Structure formats: structure tokens, C-alpha cells
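Input: a single structure, listed below in C-alpha cells.
What you see is a predicted model, and the numbers here were worked out from it, not measured in a lab. Numbering starts at 1 and runs along the sequence shown.
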Amino acid sequence: MDLLLRRLHDAGFAAQSVQVANGGVVAMAGMATMSDGSQVFAKTLSGSGSDVFEVEAEGLRALRELGGAVTPDVLAVTPNLLVLQPLEPRRDNEERFWEDLARVLSTMHTTTISDRFGWHRDGWLGRMRQDNTWDDDGYSFFAQRRILRWLPEPLVEAAFDREDRRVLEHLCAALPELVPPQPPVLTHGDLWCGNIASDQSGAPILLDPAVSYSWAEADLSMLWCSPRPPASDRFFAAYTEITPLADGWHDRMPLFHLRELLSIIAHGDDNWGAAQASRNRRAFRSQVVTSTEDIAD
């Protein structure tokens, strides 16, 4: 954490210590205590010169101003440092917390309908660029920008054989048969539990977005398919009570989550490991084969 402390000092923060935050796979992050006892949440990268923190700060602002979500106040942003207001742990065991989150996401997904998919700039998913090129067609956008985009990545090329790629391309071509028409709405884009915290009042607060106008179900799939506490089932019950989803939405969650599996393989992080990447590969193959067999039937 010496690097984070040094960069906080360079930005004018009198940080005395940093308590390391768990869960992140890209940045060095932690709760920093100032000389007067106040605290901030800060993140840095080992390199510099990237626009990753600028993009993140803009995404937080979009979620708040356009989508009505609670996001942390941005106290400072530079090419190598992001400083946010202090955050509280999620209230994992409180169904009320998940109900509140459902209201937030439902509101965002129903009040930000756009006429096209994408965003005005590319973003980041982990350490890799997220292609947000505008597209009028959601099926084309999801196929090209969220699935097939990962195939040229070296670790994905190494993980998938020719048949894997053929099945994945077939699945992308069949998206209009698998996904009911849905409008583009503002999405968080990386909505797993690690990017959900609480503010000091206990309200859900959203972090680390990878925003774009996309399908609401794609947003929900990240939370549905990633590890989460049992009480989070209330999120989906409450969300669908407020904003009913098209029939079969449960079955579409693994389909949308393929983007995340491909991203994990492309990143090749040590904490995921080769065995985990292999399991993701088998899950990917099972999902696409099942889907294409259904089409054939």
C-alpha cells in the first residue's frame, strides 16, 4: 500500500495508513485514514496514464444523474488515483437491503430507455477495453461488442478450439430467437456483489461500473450468476414484482453471463487460476451446446 499512500499524498490527502480492501482484481484499493481521523476510499494502479479512473468517475456520475442510483462522491480523480467517500460493507443478510437495491435497478432500467445501444466512449471491464460502439440493433451489439469481441484475445484463443468458436458464433447468430426484444437502457455493466456496498445510512451504493445502454437482463445476469448471499434472492423477487420480465428470464441468465466467463479467461488472473478457467470453459461449452440444441429442436 506504499504506492497508494504516496499517490494520496501527491494529491493533497494527508493519509496516515491504509486498510487493504478485499475483492478487487485490478486496482490496489483500501480505506485510508487521514491525520485528522477522517477516512476516504482510494484506488490506484501500478502503472499510470490510463483513462480508467476518469471513465469510472464518469460512469458513477451517469448512474447517479441519469439512473437515480446512489453512488459514492468522487473526491479526486487523476490518471493514477481515484478517491471516493468512505464506504460501508453490504448488509448481506438483510432482505430489506436487497429490496432497496431492486428498486434502484428497476427505476434505472425503466427510466433511461434509449434509442440505441452503446455509449459515447469505450469503457473498461477489468484491465481490458469495453467496446461501446453505438449500434441500433441490440442483437448485433451484444454479439459483436459483448461476446465475439473476446475471441481474438490470446488466452481465449488458446482456451477454445475450432468447434467451441463455431458453436459460440452460431449462438450469437441465434440471439433473436433466444432473447425477446428489449430496449436499450442504462446498465451498470459489472453488477456483481463486489461492486455493491452500503453508504453510511445503509442504502445500497453502486461501485466500479462499466456503463452502457444495453439490455436490462444483461445487467441482472451478473448478479444472478455470480456468488451471492442467500438473502439476495429477495432482489430478484422484488425486481420482478416491480418490473416484470419476459417469460424464461431465468434461463437467459447464463446466456448473458457468457460475456463474464470470456472476460475471466481473457484476463487470466492468478487468483482465478487455470482450473477455474477450465471450469468456465466447460460451463461455456455446456451453455452454448444446450442453447443450440434447443434451436435445432
Side-chain angles (χ1 to χ4, degrees), residues 1 4 8 13 15 17-34 37-45 52-77 81-109 123-126 186-211 219-236 238-239 260 269 271:
M1 288 288 115
L4 183 54
L8 279 165
F13 291 87
S17 63
V18 176
Q19 181 179 356
V20 178
N22 296 320
V25 297
V26 176
M28 292 176 281
M31 195 74 74
T33 300
M34 305 294 110
S38 63
Q39 292 185 312
V40 299
F41 184 80
K43 301 167 62 174
T44 192
L45 298 170
V52 63
F53 291 140
E54 176 190 338
V55 169
E56 181 175 341
E58 181 187 88
L60 291 171
R61 185 167 61 251
L63 293 178
R64 177 186 293 196
E65 296 179 358
L66 301 178
V70 179
T71 61
D73 292 334
V74 177
L75 306 180
V77 58
L81 181 69
L82 181 66
V83 184
L84 307 174
Q85 72 178 78
L87 306 174
E88 300 289 333
R90 289 186 314 276
R91 301 191 175 186
D92 280 353
N93 297 323
E94 296 183 11
E95 289 193 347
R96 177 62 181 274
F97 175 86
W98 297 102
E99 289 178 5
D100 290 345
L101 181 63
R103 293 188 188 94
V104 169
L105 268 294
S106 177
T107 298
M108 185 170 76
H109 290 161
W124 293 88
L125 187 64
L186 183 66
T187 57
H188 177 282
D190 195 10
L191 192 69
W192 69 294
C193 279
N195 289 339
I196 303 167
S198 296
D199 66 10
Q200 292 182 330
S201 72
I205 190 166
L206 301 181
L207 312 171
D208 295 344
V211 299
D219 230 6
L220 301 182
S221 71
M222 188 70 182
L223 187 57
W224 178 268
C225 296
S226 299
R228 55 188 174 87
S232 65
D233 286 346
R234 183 59 194 144
F235 168 87
F236 296 96
Y239 184 99
E260 179 63 16
D269 296 300
N271 61 323

When rounded to the nearest 0.5 angstrom, what is the spacing between [atom1] in [X] and [atom2] in [Y]?
| X | Y | atom1 | atom2 | value |
| --- | --- | --- | --- | --- |
| Arg64 | Leu206 | CZ | CG | 11.0 Å |
| Trp98 | Tyr239 | CH2 | OH | 15.5 Å |
| Lys43 | Leu8 | NZ | CG | 13.5 Å |
| Glu99 | Leu101 | CD | CG | 11.0 Å |
| Glu94 | Arg234 | CD | CZ | 14.5 Å |
| Phe53 | Leu81 | CZ | CG | 7.0 Å |

message: Checking the side chain of Ser198 only, and the main-chain atoms of Pro89 only, is there a donor and an acceptor separated by less than 3.5 Å?
response: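 Flag set: sc Ser198 to bb Pro89 pair under 3.5 Å.
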message: Checking the side chain of Ser226 only, and the main-chain atoms of Met222 only, is there a donor and an acceptor separated by less than 3.5 Å?
response: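 Yes; judged by distance alone, with no hydrogens or angles, the pair exists.
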field: Val18/Met31 under side-chain contact (heavy atoms from CB on, under 4.5 Å): CA gap, chis, key distance, verdict
entry: CA-CA 5 Å; Val18 176; Met31 195 74 74; over 6 Å; no
Would you say that [X] contacts [Y] through its side chain, given a criterion of any heavy-atom pair below 4.5 Å between the two side chains?
| X | Y | answer |
| --- | --- | --- |
| Leu63 | Met108 | yes |
| Ile205 | Pro72 | yes |
| Val40 | Gln85 | no |
| Phe97 | Arg90 | yes |
| Asp190 | Pro209 | no |
| Cys225 | Glu260 | no |
| Trp124 | Glu56 | no |
| Leu105 | Leu191 | yes |

field: Verdict with reasoning, Asp73 to Arg61, per salt bridge (charged side-chain N to carboxylate O under 4.0 Å, His left out)
entry: CA-CA 9 Å; Asp73 292 334; Arg61 185 167 61 251; over 6 Å; no
To check you understand the geometry: which heavy-atom pair defines the closest contact between [X] and [Y], and what is its length?
| X | Y | answer |
| --- | --- | --- |
| Asp219 | Gly189 | OD1-N, 2.9 Å |
| Leu207 | Gly194 | CD1-O, 4.4 Å |
| Asp199 | Val70 | OD2-CG1, 3.8 Å |
| Val77 | Ala57 | CG2-CB, 4.3 Å |
| Gln39 | Pro86 | O-CG, 3.0 Å |
| Cys193 | Pro227 | SG-O, 3.8 Å |

Criterion side-chain contact (heavy atoms from CB on, under 4.5 Å) on Leu82 and Val74, from CA distance to verdict: CA-CA 8 Å; Leu82 181 66; Val74 177; 4.0 Å; yes
field: Residues, nucleotides or ligands: over 12 heavy atoms within 6.0 Å of Gln19 CD
entry: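 Not buried by this count: 12 neighbours or fewer within 6.0 Å.
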- prompt: Is it the case that more than 12 heavy atoms not belonging to Asp233 sit under 6.0 Å from its CG atom?
  reply: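 Yes, CG of Asp233 has more than 12 neighbouring heavy atoms, counting only those of other groups under 6.0 Å.
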- request: Could I get the full list of side-chain hydrogen bond (donor to acceptor under 3.5 Å, both in side chains) partners for Ser38, not counting sequence neighbours?
  value: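 Asp36.
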Which residues share a side-chain hydrogen bond (donor to acceptor under 3.5 Å, both in side chains) with Asp100, sequence neighbours left out: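 Applying side-chain hydrogen bond (donor to acceptor under 3.5 Å, both in side chains) to Asp100 gives Arg96, Arg103.
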message: Assess whether a salt bridge exists between Arg228 and Asp92, defined as any Lys/Arg side-chain N lying under 4.0 Å from an Asp/Glu carboxylate O.
response: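 So Arg228 does not pair with Asp92 through a salt bridge.
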query: Where do Leu223 and Phe235 land on the side-chain contact (heavy atoms from CB on, under 4.5 Å) test, with the steps shown first?
result: CA-CA 10 Å; Leu223 187 57; Phe235 168 87; 3.8 Å; yes
